Peer 1: 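I have a structure here, written as structure tokens, and I will follow up with some questions on it.
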Amino acid sequence: VDHDKLLPGLYLSRRDGDVVTFDLRFKKPNTGDLLTNAEMHSAEHLIATLLRNSKDKDAVVYFGPMGCRTGFYLLLAGAYTSKDIVPLMTEMFTFIAGFEGDVPGACAKDCGNYLDMNLPMARYLARKYLKEVLTDITDKQLNYPA
């Protein structure tokens, strides 16, 4: 993947047997515009909660942040494509965009860095991803650039 051409999107990154890795790219790489740890951490707690309780929970292998802080990885067991998971991603980010209350698991007994949270920014990122990527998603946002 040429990261100089990569834009925010929802990409099928790879297939390893029955496991599919998706690239939920929020930021254009190598621009200096990165996700903060606190907003990623808040989003990760909310997404993990939603995925554990979703109708697709048995397919979820892993969800977590990218080290480069430009997005997240979602690993699912099954023959999914990027287009197949748009409804789940839309549900997930709509949930985050409207979430009110305490971030699930944001306490000392449940999290090793529970003070590093930013729920307002996680909601903002979710709204932005919904608007700029998931709503009216195009093939260009579903397939890695050549």
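Remember, it's a predicted structure, so these values are computed and weren't measured experimentally. Along the sequence shown, residues are numbered consecutively beginning with 1.
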Peer 1: Short question: side chain of Arg69, backbone of Leu35 - any donor-acceptor pair under 3.5 Å?
Peer 2: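 Confirmed, Arg69 side chain pairs with Leu35 backbone.
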
Peer 1: Do you reckon Val19 sits in the same ILVMFWY cluster as Val60, going by side-chain contacts under 4.5 Å, direct or chained?
Peer 2: no

Peer 1: Within this structure, what is the CE-NZ distance for the pair Met121 and Lys128, rounded to the nearest 0.5 Å?
Peer 2: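 Met121 atom CE to Lys128 atom NZ measures 9.5 Å (nearest 0.5 Å).
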
Peer 1: Which distance, rounded to the nearest 0.5 Å, do you find between the OG1 of Thr49 and the CG of Asn53?
Peer 2: 7.0 Å

Peer 1: With a 6.0 Å cut-off (strictly less than), is the heavy-atom count around CZ of Arg15, excluding the residue itself, greater than 12?
Peer 2: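 Atom CZ in Arg15 is packed in, count exceeds 12.
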
Peer 1: Side-chain contact, heavy-atom cut-off 4.5 Å: His45 with Cys111?
Peer 2: yes

Peer 1: Check the hydrophobic clustering (I, L, V, M, F, W, Y; side-chain heavy atoms under 4.5 Å; chains of links allowed) and say if Ile137 and Tyr129 are grouped together.
Peer 2: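 Hydrophobic grouping puts Ile137 with Tyr129.
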
Peer 1: Grouping I, L, V, M, F, W and Y whenever their side-chain heavy atoms are under 4.5 Å apart, do Tyr73 and Val61 come out in a common cluster?
Peer 2: yes

Peer 1: Quick check against the 3.5 Å criterion: does Arg25 have a side-chain atom that pairs as donor or acceptor with the backbone of Thr70?
Peer 2: no

Peer 1: Quick check: are there more than 12 heavy atoms from other residues, nucleotides or ligands sitting under 6.0 Å from CG of Asp136?
Peer 2: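 No.
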
Peer 1: How close do Val133 and Gly9 get, heavy atom to heavy atom, and via which atoms?
Peer 2: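 Heavy atoms only, the tightest pair is CG1-CA, 3.7 Å.
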
Peer 1: Between Leu6 and Tyr11, is any pair of side-chain heavy atoms under 4.5 Å apart?
Peer 2: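 The answer is yes, as the side chains (C-beta and beyond) meet within the 4.5 Å cut-off.
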
Peer 1: According to the interplanar angle, ranging from 0 to 90°, do the rings of Phe72 and Phe26 count as parallel (below 30°), tilted (30 to 60°) or perpendicular (above 60°)?
Peer 2: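 Ring orientation of Phe72 relative to Phe26: perpendicular.
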
Peer 1: Quick one: closest heavy-atom pair of Leu51 and Lys57, and the distance?
Peer 2: O-CB, 3.3 Å

Peer 1: Rounded at 0.5 Å granularity, tell me how far CZ in Arg14 sits from CG in Asp23.
Peer 2: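 It is 12.5 Å, given to the nearest 0.5 Å.
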
Peer 1: Nearest 0.5 angstrom please: Asn37 CG to Asn113 CG, how far?
Peer 2: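 Between atom CG of Asn37 and atom CG of Asn113 there are 8.0 Å.
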
Peer 1: Rounded to the nearest 0.5 Å, what's the gap from CE on Met117 to NE2 on His41? Could you check?
Peer 2: 3.5 Å

Peer 1: Give, for atom CG of Leu24 and atom CG of Leu74, the distance between the pair rounded to the nearest 0.5 Å.
Peer 2: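 Output value for this atom pair is 6.0 Å.
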
Peer 1: Are side-chain heavy atoms of Leu50 and Ile47 found at a separation under 4.5 Å?
Peer 2: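 No, too far: nothing below the 4.5 Å cut-off.
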
Peer 1: Counting distance only, does the side-chain N/O of Lys28 pair as donor-acceptor with the main-chain N or O of Asp4 below 3.5 Å?
Peer 2: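 Answer holds: yes.
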
Peer 1: Are Met66 and Leu7 in one and the same hydrophobic cluster, where Ile, Leu, Val, Met, Phe, Trp and Tyr link if side-chain heavy atoms are under 4.5 Å apart?
Peer 2: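 In one cluster with Met66: Leu7, no.
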
Peer 1: Going by atom types alone, do Ser42 and Glu39 pair a side-chain donor with an acceptor below 3.5 Å?
Peer 2: no

Peer 1: Using atom types as modelled, flag every donor-acceptor pair under 3.5 Å from a side chain in residues 75-97 to any protein atom, sequence neighbours excluded.
Peer 2:
unit_1, atom_1, unit_2, atom_2, d
Thr81, OG1, Lys83, N, 3.4
Thr81, OG1, Asp84, N, 3.2
Thr81, OG1, Asp84, OD1, 3.3
Thr81, OG1, Asp84, OD2, 3.1
Ser82, OG, Leu10, O, 3.2
Ser82, OG, Leu12, N, 2.8
Asp84, OD2, Thr81, N, 2.8
Thr90, OG1, Val86, O, 2.8
Thr94, OG1, Thr90, O, 2.7

